[in-house]
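Here's the structure we're looking at; comments come further down.
Values below: every heavy atom of this structure, side chains too, minus hydrogens, waters and symmetry copies.
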Amino acid sequence: MHVTLWVVKGGRGGIREERFRARSVIGIGWGEVGDLSQYPDRDALRAAYRGSHPERPEGHVNTQAAQLWAFGHRMQIGDPVVVPFLGQPVIAIGEITGPYRWAPDGDPDMPHVREVTWHVTDLPRVAFDPDLRYSFGGSVTVCSVTRNHAEPRVRAMIDDL
């Protein structure tokens with residue numbers, strides 16, 4: 001069984017972070033592409049994003065489509081997820097417990113959601129080794145971290161909580 005460690009950010013300015021904690025979810029924007037489960041493959045999703053953003057460069061379109069595809073199709077129930085809180089010295093660690101859901105009637109800035117069970121929502125950043133902190137600090141909203149045995153190391157941290 002292949003398990004991936006996911007990093008999900010709370011949006012521009014961390015606008016979704018408190019809702020992540022309070023509602024036991026992770027979620028992303030990009031509502032203009034609609035329900036991610038309607039796309040049979042990443043190319044179809046990329047084309048839909050391109051249609052909504054014809055002015056964007058190809059690299060941007062590919063990056064956004066990759067994040068959307070990961071959130072809607074690659075994440076699996078049981079995968080660990082970390083949320084580094086913007087402007088706070090803490091990181092949340094949880095486990096994805098629900099399938100992808102399209103919830104456009106919920107928060108308009110968070111129509112794509114997944115349920116999460118949080119193991120801890122305020123673990124100090126310094127509890128993570130520098131290489132992991134660096135991996136969590138990328139500029140994208142959704143990414144996987146596979147290098148340096150990140151997933152088993154974070155699972156070991158969960159076991160020690």
Side-chain angles (χ1 to χ4, degrees), residues 1-33 36 42 45 49 56-57 59-103 106-161:
M1 176 172 123
H2 176 70
V3 178
T4 300
L5 173 66
W6 295 100
V7 178
V8 178
K9 307 271 183 64
R12 187 167 282 121
I15 60 171
R16 299 180 193 97
E17 292 173 351
E18 289 309 317
R19 287 177 278 162
F20 286 5
R21 279 196 262 224
R23 299 181 190 168
S24 296
V25 298
I26 51 174
I28 57 174
W30 291 293
E32 69 275 10
V33 298
L36 299 176
R42 201 159 120 181
L45 178 53
Y49 186 87
R56 299 293 181 125
H60 171 87
V61 171
N62 290 338
T63 299
Q64 305 311 304
Q67 292 178 79
L68 287 159
W69 186 257
F71 195 89
H73 296 274
R74 289 185 51 220
M75 287 181 175
Q76 300 294 315
I77 292 171
D79 286 352
V81 61
V82 297
V83 176
F85 288 93
L86 188 67
Q88 298 178 44
V90 297
I91 295 177
I93 303 175
E95 186 173 303
I96 297 170
T97 54
Y100 163 76
R101 266 189 310 122
W102 167 241
D107 293 321
D109 72 327
M110 195 168 74
H112 307 284
V113 294
R114 285 181 173 270
E115 292 175 10
V116 172
T117 295
W118 295 117
H119 296 292
V120 61
T121 59
D122 58 356
L123 193 64
R125 285 180 191 263
V126 296
F128 294 87
D129 291 332
D131 65 314
L132 287 178
R133 288 195 311 262
Y134 177 79
S135 295
F136 301 162
S139 62
V140 295
T141 301
V142 177
C143 69
S144 61
V145 178
T146 55
R147 68 177 164 204
N148 300 329
H149 308 287
E151 184 266 330
R153 290 168 62 199
V154 169
R155 284 210 184 268
M157 292 176 78
I158 292 168
D159 292 343
D160 289 342
L161 293 173

Ignoring hydrogens, what is the shortest heavy-atom contact between [X] and [Y]? Give both atom names and the distance.
| X | Y | value |
| --- | --- | --- |
| Leu132 | Ala150 | CD2-CB, 3.6 Å |
| Leu68 | Leu36 | O-CD1, 3.4 Å |
| Arg155 | Pro80 | NH2-CD, 3.2 Å |
| Gly14 | Leu86 | N-CD2, 3.6 Å |
| Ala103 | Val113 | CB-CG2, 4.2 Å |
| Gly29 | Pro111 | CA-CD, 3.9 Å |

What's the separation between atom [atom1] in [X] and atom [atom2] in [Y], rounded to the nearest 0.5 Å?
| X | Y | atom1 | atom2 | value |
| --- | --- | --- | --- | --- |
| Tyr134 | Asn148 | OH | CG | 11.5 Å |
| Glu151 | Thr146 | CD | OG1 | 10.5 Å |
| Asp160 | His119 | CG | NE2 | 12.5 Å |
| Met157 | Ile93 | CE | CD1 | 5.0 Å |
| His149 | Leu5 | NE2 | CG | 13.5 Å |

Next item on the list: Test salt bridge (charged side-chain N to carboxylate O under 4.0 Å, His left out) on Arg153 and Asp131 and set out the steps.
Entry: CA-CA 11 Å; Arg153 290 168 62 199; Asp131 65 314; 2.7 Å; yes
Check: Do Asp107 and Arg23 meet the salt-bridge criterion of a basic N to acidic O distance under 4.0 Å?
Finding: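 Yes, this pair counts.
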Next item on the list: Before accepting this row, confirm whether a basic side-chain N of the pair Glu17/Arg21 lies closer than 4.0 Å to the acidic partner's carboxylate O.
Entry: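 Arg21 and Glu17: not salt-bridged.
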Taking side chain as C-beta onward, heavy atoms only, is [X] less than 4.5 Å from [Y]?
| X | Y | answer |
| --- | --- | --- |
| Arg114 | Val81 | no |
| Pro84 | Val7 | yes |
| Trp6 | Val116 | no |
| Thr117 | Ser24 | no |
| Arg19 | Asp109 | yes |
| Arg101 | Glu115 | yes |

Look at the side chain of [X] and the backbone N and O of [Y], then say whether any donor-acceptor pair between them is shorter than 3.5 Å.
| X | Y | result |
| --- | --- | --- |
| Trp118 | Phe20 | yes |
| Arg56 | Val61 | no |
| His112 | Gly72 | no |

Notebook entry, point to check: Under the side-chain contact (heavy atoms from CB on, under 4.5 Å) test, which residues partner Ala66, sequence neighbours left out?
Noted result: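 Checked Ala66 against side-chain contact (heavy atoms from CB on, under 4.5 Å); matches are Arg42.
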Check: Aromatic rings Phe71 and Tyr100: how do their planes relate, parallel, tilted or perpendicular, breaks at 30° and 60°?
Finding: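 Perpendicular, since the angle between the ring planes exceeds 60°.
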Check: CZ of Arg12: more than 12 outside heavy atoms within 6.0 angstrom?
Finding: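 For Arg12, atom CZ is not crowded (no more than 12 foreign heavy atoms under 6.0 Å).
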Next item on the list: With sequence neighbours excluded, tell me which residues meet side-chain hydrogen bond (donor to acceptor under 3.5 Å, both in side chains) with Trp69.
Entry: none
Checklist line | Identified side-chain contact (heavy atoms from CB on, under 4.5 Å) counterpart of Val8 within the set Arg16, Gln67, Met75 | finding: Met75
Check: Please walk me through it: do Leu161 and Leu123 pass side chain to side chain contact (heavy atoms under 4.5 Å, CB included)?
Finding: CA-CA 10 Å; Leu161 293 173; Leu123 193 64; 4.2 Å; yes
Item checked: Non-neighbouring partners of Asp122 that pass salt bridge (Lys or Arg N to Asp or Glu O under 4.0 Å), sequence neighbours left out ->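 Residues passing salt bridge (Lys or Arg N to Asp or Glu O under 4.0 Å) with Asp122: none at all.
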